[in-house]
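Both backbone and side-chain heavy atoms feed into the values below; hydrogens, waters and symmetry mates do not.
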Amino acid sequence: MQKQLPLKYYLNHFFELAEFIQAQCKTLLTPEQQQFIVKLTQLDEQSLCTLLRIYSRKPRLVALSSLNYEEIPNLHGAIFKLKQFALVAHPTVDDLDLVLAHLTKPELVALLADDALFKTPVTFKKSASKGVLLALCKQHIDREANALEQLCGEFVVNSRAEYYEYFEFLYSGRLSAGDINHQNRFVMRDLGIAKVRNDVGETRSRFNTLEEAQTHYQLNQCRMQFKACEMPEQYRHLANELLQINCTDDLAHSIKNKLLIRLFKQFKEADLAYACTLLDNCTGSSEAQELAIRVRYKQGDTEWVQQTLEAIINDPIDDGILYFAEDFLQRKYNKQQRSRLTQMLSDTECQLEIDDIYRGDVEQGVCEYYQQQGYTVFFTENNLWLSLFALTFWQNCLWIHRTHRAMNLIFTRMFY
């Protein structure tokens, strides 16, 4: 296991990422994105290191004072070059509140004491909390003061989300709320923390077309936005944005369905009618069908529910929704008192008497019962069927392995 990374480890990671994008993903880039990746490869090493250090940060603004690295001896020269290439820019007055939020408490105190930034002097206590000082700055600062240009010049805007995040997404296949996607993967690999398969010659693109890649990228952005939402207006904006996304493949439909169902659960108490429209926009989702049926039945729309149940029975999406539809129809419309599962358990002729000690651990009790009968017992759950599946389709799996995208599908529920 490697315990220390080289000085410019992130630079090597970038070159690996850039090679993957240019070799495997050219057809997945817009003209603007293609020009952007060319710009990056034309930068001198110091400027590129500076840009990558900026991109490695999470906040939208990065203080120049925080970019003090051994491999960047001339930071201001590198920033000047990046501005020439239109790769970075300083924040404007519109970003002033964000700039102020990045300042430390001593910096806010110094700012409040600078009369050039305020039309009238501000009375404050140095012992006040940072939140109080920040509120005073936002309220009283002169947003047209010339001295603000110097303050904004101490920061640069982190524009990683504009293009670079998409490149990381193409490499990793998903966006992450944790550290920067590809860098974390590379770092764990180089440190020997993450296992790497040596029999895989090269990483291949997960997407076939630009439309498919952009759709999955938008869905992943929506997934990240959902995690960040706090207010009802944010959830509604996200829902409306999600409804505008047209999915072209089964995996995209699955991601969209899951998000719509999660949003349904957010809205069902406050705005049930709107929540139901989210379920209606799910495609090929048995979970959405079941939720819609339960909601409509509670509302008294029994005729719609009965017609929907009969339609599901005639053409079910999967066995799970078929079982639900048949059972729900019997209990709610044919007045059957027991569910199918309860009835099946009641009708069974094979009954085993096991000790109450195994309550909550029935499988172990059944194993013990048959062992006392002299049998050799194995508790396998579904492993037996998974093993039989693998043995039956082993040659097919080996052939699919050669096409990376198809191999990924094997590990999703939709493949089965």
Y274 meets the ring-ring contact (aromatic ring centres under 6.0 Å, His included) criterion, sequence neighbours left out, with F267

Heavy-atom donor-acceptor pair, D115 side chain to P121 backbone, under 3.5 Å
no

Any L61 side-chain heavy atom under 4.5 Å of N158 side chain:
no

When rounded to the nearest 0.5 angstrom, what is the spacing between CD1 in I261 and NZ in K268?
11.5 Å

When the ring centroid of H90 is compared with that of F155, is the distance short of 6.0 Å?
no

In terms of heavy-atom contacts, I317 and S286 come closest through CD1-N, 4.1 Å

Atom NZ in K26, atom OG in S205: separation rounded to 0.5 Å?
14.0 Å

Y9 ring center near H13 ring center (under 6.0 Å):
yes

Is it true that the side chains of S66 and R57 contain a donor and an acceptor less than 3.5 Å apart?
yes

Please indicate whether L391 has more than 12 foreign heavy atoms, meaning atoms of other residues, nucleotides or ligands, lying under 6.0 Å from its CG.
yes

Does the ring of F169 carry R174 above it, NZ/CZ under 6.0 angstrom from centre and within 45° of its axis?
no

Are the side chain of H253 and the backbone of T248 linked by a donor-acceptor contact shorter than 3.5 Å?
no

Check the pair L148, I141 against side chain to side chain contact (heavy atoms under 4.5 Å, CB included), reporting the backbone distance first and the verdict last.
CA-CA 10 Å; L148 287 178; I141 198 166; 3.7 Å; yes

Treating D95 as the side-chain partner and T92 as the backbone partner, does any N or O pair qualify as donor plus acceptor under 3.5 Å?
yes

Residue pair C276 / V295: nearest heavy atoms and the distance that separates them:
SG-CG1, 3.7 Å

Cation-pi geometry met for K39 and F36 (6.0 Å, 45°)
no

Donor-acceptor check, side chain of N74 to backbone of G77, threshold 3.5 angstrom: yes or no?
yes

Can you measure from CZ (R223) to CG (L242) and round to the nearest 0.5 angstrom?
12.5 Å

Would you confirm whether D327, through its side chain, and Y323, through its main-chain N or O, come within 3.5 Å as a donor-acceptor pair?
no

Greater than 12 external heavy atoms within 6.0 Å of E149's CD
no

Mind checking the CD-CG spacing from Q266 to D271? Nearest 0.5 Å is all I need.
13.0 Å

Please report the C-alpha distance between Y297 and F328 in whole Å, then the side-chain angles of each, then the deciding distance to 0.1 Å, and finally whether the ring-ring contact (aromatic ring centres under 6.0 Å, His included) criterion is met.
CA-CA 10 Å; Y297 188 82; F328 199 89; 5.4 Å; yes

F264 versus L278, closest heavy-atom pair with distance:
N-CD1, 3.8 Å

What are the two closest heavy atoms between A145 and A116, and how far apart are they?
CB-O, 3.7 Å

Between V362 and I354, is any pair of side-chain heavy atoms under 4.5 Å apart?
yes

Between Y217 and E165, does a side chain to side chain donor-acceptor pair (under 3.5 Å) hold up when you go through it step by step?
CA-CA 10 Å; Y217 180 54; E165 183 183 73; 2.7 Å; yes

Do the non-hydrogen side-chain atoms of I293 and I312 ever get within less than 4.5 Å of each other?
yes

Less than 4.5 Å apart, side chain to side chain, heavy atoms only: is that true for R296 and T308?
no

So, does D44 use its side chain to make a donor-acceptor pair with the main chain of S47 at under 3.5 Å?
yes

Within the side chain of K256, is there an N or O that forms a donor-acceptor pair under 3.5 Å with the backbone of I245?
yes

How about N68: does its CG atom have over 12 heavy atoms from other parts shown lying under 6.0 Å from it?
no

So F393 and F389, ring-ring contact (aromatic ring centres under 6.0 Å, His included) or not? Walk me through it.
CA-CA 6 Å; F393 297 102; F389 174 87; 4.9 Å; yes

Within the structure provided, determine whether Y69 and L75 are in side-chain contact (heavy-atom separation under 4.5 Å).
no

Where is the tightest heavy-atom contact between T41 and Q22, given as atom of each residue plus distance?
CG2-NE2, 4.2 Å

Check whether any side-chain heavy atom of L43 lies under 4.5 Å from a side-chain heavy atom of L87, and answer yes or no.
yes

Are more than 12 heavy atoms from other residues, nucleotides or ligands located less than 6.0 Å from atom CD of E230?
no

Could you check whether any side-chain N or O of R53 sits under 3.5 Å from a backbone N or O of Y10, counting only pairs where one atom can act as donor and the other as acceptor?
no

Is it the case that more than 12 heavy atoms not belonging to Q42 sit under 6.0 Å from its CD atom?
yes

If you round to the nearest 0.5 Å, how far is CG of D315 from CD1 of I321?
12.0 Å

Would D142 and L117 satisfy side chain to side chain contact (heavy atoms under 4.5 Å, CB included), going step by step from the backbone distance to the final call?
CA-CA 6 Å; D142 181 5; L117 293 172; 6.0 Å; no

Report, as yes or no, whether the 6.0 Å neighbourhood of atom NZ on K126 holds more than 12 heavy atoms from other residues, nucleotides or ligands.
no

Within-4.5 Å side-chain heavy-atom neighbours: L11 and L52:
yes

Please examine the side chains of Y166 and L29, heavy atoms only from C-beta on, and report whether any two atoms are closer than 4.5 Å.
yes

If only atom types and distance count, is the side chain of Y163 paired as donor or acceptor with the main-chain N or O of Q35 below 3.5 Å?
no

Counting only heavy atoms not in N146, do more than 12 sit closer than 6.0 Å to its CG atom?
no

Within this structure, what is the CH2-OG1 distance for the pair W394 and T392, rounded to the nearest 0.5 Å?
12.0 Å

Just checking N383: does its CG atom have more than 12 heavy atoms from other residues, nucleotides or ligands closer to it than 6.0 angstrom?
yes

Report the C-alpha separation of R143 and D97 in whole Å, then their side-chain angles, then the decisive distance to 0.1 Å, and conclude whether the side chain to side chain contact (heavy atoms under 4.5 Å, CB included) test is met.
CA-CA 10 Å; R143 297 178 182 267; D97 287 350; 2.8 Å; yes

Just by distance, no angles: are the side chains of Q218 and T215 close enough, under 3.5 Å, to form a donor-acceptor pair?
no

When the ring centroid of F167 is compared with that of F20, is the distance short of 6.0 Å?
no

Closer than 3.5 angstrom, by distance alone: can the side chain of Q214 be matched with the main-chain N or O of E211 as a donor-acceptor pair?
no

Could you walk me through whether F14 and L40 satisfy the side chain to side chain contact (heavy atoms under 4.5 Å, CB included) test, starting with their C-alpha distance in whole Å, then the side-chain angles of each, then the deciding distance to 0.1 Å, before giving a yes or no?
CA-CA 10 Å; F14 164 75; L40 297 188; 3.7 Å; yes

Between E287 and K258, does any NZ, NE, NH1 or NH2 come within less than 4.0 Å of an OD or OE carboxylate oxygen?
no

Heavy-atom nearest pair, F379 first then C367, reads CB-SG, 4.0 Å

